[in-house]
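Worksheet: one structure, shown below.
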2 protein chains.
Amino acid sequence: MRRIDNKEIFSKHGIKNTKQRNVILDILKNTDSPITAEEIFIRSQDSNVNMNFSTVYRILNTFVLKDIAIKTSIGEDDKNLYELNMEEHSHYLICLSCKKMIKIGHCPLEEYESQIQRNTKFRIIGHKLEIHGYCPECIEEDMHENKN
Amino acid sequence: MRRIDNKEIFSKHGIKNTKQRNVILDILKNTDSPITAEEIFIRSQDSNVNMNFSTVYRILNTFVLKDIAIKTSIGEDDKNLYELNMEEHSHYLICLSCKKMIKIGHCPLEEYESQIQRNTKFRIIGHKLEIHGYCPECIEEDMHENKN
DNA sequence: GTGGGTGCAAAGGGTTTGCAGCAAG
DNA sequence: CTTGCTGCAAACCCTTTGCACCCAC
């Protein structure tokens with residue numbers, strides 16, 4: 001998978017190429033499911049770049065504004081999650097027990113959306129879909145616990 | 001549409017039938033789209049029942065715990081929204097401009113869910129779907145503004 | 001009467017902001 | 001050099017909590 005250079009991304013959006021933005025963009029590129037600002041802050045400590053919590057938030061807000069990242073409010077606790085804005089459209093299957101999130105490739109809603117568009121005269125821009133359940137591991141664990 | 005008596009609901013869930021809970025349950029019954037705790041508090045002032053903000057939150061949390069209500073984190077701002085837990089399953093079409101929410105009746109995901117269940121061995125419990133776009137009114141308004 | 005529920009005020013936790021200093025263009 | 005970006009600390013906002021009082025059962 002080819003990854004566009006950070007520098008290119010920043011200049012395309014007319015924002016400065018700073019160390020902090022590079023660190024955060026790299027973190028977002030290297031995660032496969034949405035993460036919290038806190039998690040990003042923690043991971044940024046592994047780099048040798050100075051990083052402040054408010055900087056994390058400011059950069060994330062900038063990224064969201066520039067459509068570099070997406071802010072989702074998926075989690076059951078009330079923290080926001082951030083992920084890279086991939087052109088490819090995907091959804092998550094979320095385990096209610098361990099909170100693990102698994103990306104689902106195919107999206108079944110294209111036809112449905114155009115149908116709604118016809119019926120409601122809305123101009124549909126996109127959608128957010130989460131599917132909730134319990135993952136095989138948690139189901140198994142639960143069965144063991146209940147044996148006791 | 002028949003509405004189950006508040007008193008019945010409370011006793012079924014083993015919680016006390018208080019004035020405040022009645023007010024909030026009535027508000028939830030009379031709204032057709034999810035609302036914030038703040039909005040509930042404001043509307044509660046119309047009644048002659050004393051109501052405190054923390055009471056609103058406490059009652060909402062109780063309702064969610066008892067499955068009387070559902071907490072959703074749909075809105076673009078980070079406030080939580082609450083709605084009555086209808087047995088019937090529904091989704092919302094949300095206008096990105098005026099934030100109006102329109103309930104969508106039919107859900108296209110049942111077959112899709114069982115397919116995922118087969119493929120991933122997850123035990124699927126449910127899902128959350130929001131469709132985003134611009135409503136006819138906002139599209140019209142926008143066109144007028146752009147004429148200037 | 002008793003325990004659950006409420007009011008009040010204060011704390012919590014995530015996120016934002018004002019300001020001074022710094023560093024990318 | 002200049003403007004935008006960052007660090008720091010304090011503020012903000014939504015939500016929760018501790019405690020004393022009260023009311024539904």
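Residue numbering restarts at 1 for every chain, and letters A, B, ... go by the order of the sequence lines.
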Tell me whether B:V56 is reachable from B:V49 by hopping between hydrophobic residues (I, L, V, M, F, W, Y) whose side-chain heavy atoms are closer than 4.5 Å.
-> yes

same_hphob_cluster(A:I24, A:I70) at 4.5 Å side-chain heavy-atom cutoff = no

So, does [X] get its side chain near the phosphate of [N], meaning an N or O under 4.0 Å from OP1 or OP2?
X: B:K16; N: C:dG4; answer: no
X: B:T55; N: C:dG7; answer: yes
X: B:N52; N: C:dC8; answer: yes
X: B:N50; N: C:dT6; answer: no
X: B:N61; N: D:dT16; answer: yes
X: B:R21; N: C:dG5; answer: yes
X: B:T18; N: C:dT6; answer: yes
X: B:N80; N: D:dT15; answer: yes
X: A:Q20; N: C:dA23; answer: no

If you check every side-chain atom of [X], which of [options] has the closest atom?
X: B:S54; options: C:dG5, C:dT16, C:dA9; answer: C:dA9
X: A:K79; options: C:dG14, C:dA24, C:dT17; answer: C:dG14
X: A:K19; options: C:dG14, D:dT15, C:dA24; answer: C:dA24

Round to the nearest Å and state the distance from [X] atom [atom1] to [N] atom [atom2].
X: B:R58; N: D:dT17; atom1: CZ; atom2: P; result: 9 Å
X: A:K66; N: D:dG4; atom1: NZ; atom2: P; result: 11 Å
X: A:I59; N: D:dG4; atom1: CD1; atom2: P; result: 16 Å
X: B:N22; N: C:dT6; atom1: CG; atom2: P; result: 10 Å

Could you pull out all residues at least two apart from A:E39 that satisfy side chain to side chain donor-acceptor pair (under 3.5 Å)?
-> A:R43

Is the closest side-chain heavy-atom distance between A:L25 and A:I9 below 4.5 Å?
-> yes

Determine the contact category for A:T36: base if any of its heavy atoms lies under 4.0 Å from a base atom, sugar-phosphate if only primed atoms, P, OP1 or OP2 are that close, otherwise nothing.
-> nothing

Under 3.5 Å, is there a donor-acceptor pair linking the side chains of B:N6 and B:N22?
-> yes

Between B:F53 and B:N17, just flag the one whose closest nucleotide in DNA chain D comes earlier from the 5' side.
-> B:F53

